[in-house]
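Throughout, residue positions are numbered sequentially from 1 according to the sequence presented.
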Amino acid sequence: MRLVRTPAPAPVPPVAAPVAPAARSAGPSPAGVVAMVGSGLSNQTGAAIGSLAFPVLGPVGVVAVRQYVAAIVLLAVGRPRLRTFTWRQWRPVLALAVVFGTMNLSLYSAVGRIGLGLAVTLEFLGPLTIALAAARRRADACCAAIAAAGVVTLMRPRPSTDYVGMGLGLLAAACWASYILLNRTVGRRLPGAQGSAAAAGVSALLFLPVGVAVVLRHPPAATALACAVAAGVLSSAVPFLADLFTLRRVPAPAFGLFMSVNPVLAAAVGRVGLGQRLGWAEWAGIGAVVVANALSILGAGRSGSGGVRRR
């Protein structure tokens with residue numbers, strides 16, 4: 001699909017809507033700000049609710065349901081003409097489908113081990129790395145140093161450190177970076193949201209055996225299934241539709257700057273909704289990654305460069 005160019009990606013399905021000229025030149029409208037806040041809170045709340053189903057479905061089962069919901073939404077919007085796809089178009093779509101599923105699975109697995117705030121913070125290193133890799137300014141080197149300091153703070157050795165969870169968070173970051181690069185290719189080879197819709201559909205098919213196995217081995221209670229469906233709706237469908245609305249009313253730099261505070265939103269939702277407490281060191285690490293991302297976005301906005309939105 002054709003991606004929207006913004007300095008920082010947001011953790012929701014890819015959006016194909018172009019930014020309106022008025023949104024580029026004017027400041028964010030009140031409606032746009034409300035939509036951004038709602039999208040961010042919905043995304044993180046969905047992840048928190050989905051984690052409640054981990055004891056019954058596990059992260060794999062919850063992600064499977066989320067992939068189904070994402071596929072339904074994107075296929076309805078993108079309406080891909082699969083029979084017309086050439087092998088040159090299918091190659092990046094298939095790779096995108098694998099990365100899409102791996103990204104969400106590694107993120108949700110990390111959430112189950114290290115909490116929502118830390119997992120989302122580590123995942124945000126993916127788009128930040130993409131943005132800094134293309135930069136050539138001294139300020140960007142400072143941003144990289146700030147982000148590195150934040151990661152060191154988060155992953156510092158101590159008895160309670162869950163290195164597997166941290167590794168899963170970094171895997172999600174690598175997948176997000178790959179997702180961005182693959183989406184660029186898909187956007188060049190297929191019009192509109194057809195590529196992303198096809199990738200979401202293939203990803204859902206890949207998770208279909210997982211969903212069947214989970215249901216057959218451990219038939220989920222209605223409550224657990226409802227939590228998984230809510231995660232799919234709140235973390236996929238709602239942000240997708242909200243961003244279609246927002247990206248026509250909010251300048252790209254403002255949109256990216258707001259999305260950079262998603263780790264803080266995740267930590268706050270984890271604290272309020274799941275009782276996940278963070279110490280001062282964890283908050284300092286999250287703050288460092290957010291500051292590095294924000295500075296990178298502001299610098300890119302001044303220089304006229306941009307990044308690519310995510311999923």
Kindly give the heavy-atom pair with the smallest separation between Ala71 and Ala200, and that separation in Å.
CB-O, 3.5 Å
Can you check side-chain contact (heavy atoms from CB on, under 4.5 Å) on Leu118 and Leu278, steps first, answer last?
CA-CA 9 Å; Leu118 297 186; Leu278 299 176; 4.1 Å; yes
Residues forming a side-chain contact (heavy atoms from CB on, under 4.5 Å) with Ser178, sequence neighbours excluded
Val99
At their closest point, which heavy atom of Leu170 faces which heavy atom of Leu125, and how far apart are they?
CD2-CD1, 3.9 Å
Once you round to the nearest 0.5 Å, how far does CD of Gln194 lie from CG of Leu75?
11.0 Å
If Ile, Leu, Val, Met, Phe, Trp and Tyr residues are connected whenever their side-chain heavy atoms lie under 4.5 Å apart, and connections chain through other members, are Leu206 and Ile72 in the same group?
no
Leu128 versus Ala147, closest heavy-atom pair with distance
CD2-CB, 3.6 Å
For the residue pair Asn262 and Gln44, establish whether any side-chain heavy-atom pair is separated by less than 4.5 Å.
yes
Quick one, Leu52 and Leu274 - any side-chain contact, counting heavy atoms below 4.5 Å?
yes
Write down the atom of Ala198, the atom of Pro80, and the distance for their closest heavy-atom approach.
N-CG, 4.1 Å
Beyond-backbone contact of Leu295 with Cys142, side-chain heavy atoms, under 4.5 angstrom:
no
Shortest non-hydrogen contact from Leu116 toward Ala266:
CD2-O, 3.5 Å
Can you pull the ring pair (Phe, Tyr, Trp, His ring centres under 6.0 Å) pairs that have at least one residue in residues 57-85, sequence neighbours excluded?
Phe85-Trp90
Side-chain touch Leu154/Ile114, heavy atoms, less than 4.5 angstrom:
no
For Leu190 versus Gly195, what's the shortest heavy-atom pair and its separation?
CD1-CA, 3.6 Å
OG1 of Thr84 to CG of Leu82: how many Å apart, nearest 0.5 Å?
7.5 Å
Test side-chain contact (heavy atoms from CB on, under 4.5 Å) applied to Ala199 - qualifying residues, sequence neighbours left out
Val93, Leu96, Ala97
Say whether, by atom type as modelled, one donor and one acceptor occur between the side chain of Ser51 and the main chain of Gly112 under 3.5 angstrom.
no
Starting at CZ of Arg188, measure out to OG1 of Thr185 and round the result to the nearest 0.5 Å.
4.5 Å
Pairs meeting criterion salt bridge (charged side-chain N to carboxylate O under 4.0 Å, His left out) with involvement of residues 82-106, two or more places apart:
none
Once you round to the nearest 0.5 Å, how far does CH2 of Trp176 lie from CD1 of Ile130?
11.5 Å
Which residue pairs pass the side chain to side chain donor-acceptor pair (under 3.5 Å) test with at least one member in residues 276-291, sequence neighbours excluded?
Arg158-Glu282
Leu171: which other cluster members, linking ILVMFWY side chains closer than 4.5 Å, directly or transitively?
none
Give a yes or no on whether Leu208 and Val215 share a hydrophobic cluster (residues Ile, Leu, Val, Met, Phe, Trp, Tyr; joining criterion: side-chain heavy atoms under 4.5 Å apart).
no
Report yes if some heavy atom in the side chain of Val238 is under 4.5 Å from a heavy atom in the side chain of Ser39; otherwise report no.
no
With sequence neighbours left out, what residues match Ser203 under side-chain hydrogen bond (donor to acceptor under 3.5 Å, both in side chains)?
Gln67
Taking only residues at least two apart or on different chains, which pairs with a member in residues 219-238 satisfy salt bridge (charged side-chain N to carboxylate O under 4.0 Å, His left out)?
none
Under the side-chain contact (heavy atoms from CB on, under 4.5 Å) test, residues paired with Ala281 that sit two or more places apart:
Thr153, Arg156
Hey, what do you get for CG (Leu105) to SG (Cys175), rounding to the nearest 0.5 Å?
9.0 Å
Contacts table for residues 53-65: side-chain donor-acceptor under 3.5 angstrom, sequence neighbours left out:
none

Going by side-chain heavy atoms closer than 4.5 Å, which hydrophobic residues are tied to Val164, directly or by a chain of links?
Leu168
Would you check if the side chain of Ser236 reaches a backbone N or O of Val233 as a donor-acceptor pair within less than 3.5 Å?
no
Are the side chain of Ser235 and the backbone of Ala47 linked by a donor-acceptor contact shorter than 3.5 Å?
yes
Could you tell me if the side chain of Asn183 sits less than 4.5 Å from the side chain of Phe100, heavy atoms only?
no
Applying salt bridge (Lys or Arg N to Asp or Glu O under 4.0 Å) to Arg189 and not counting sequence neighbours gives none
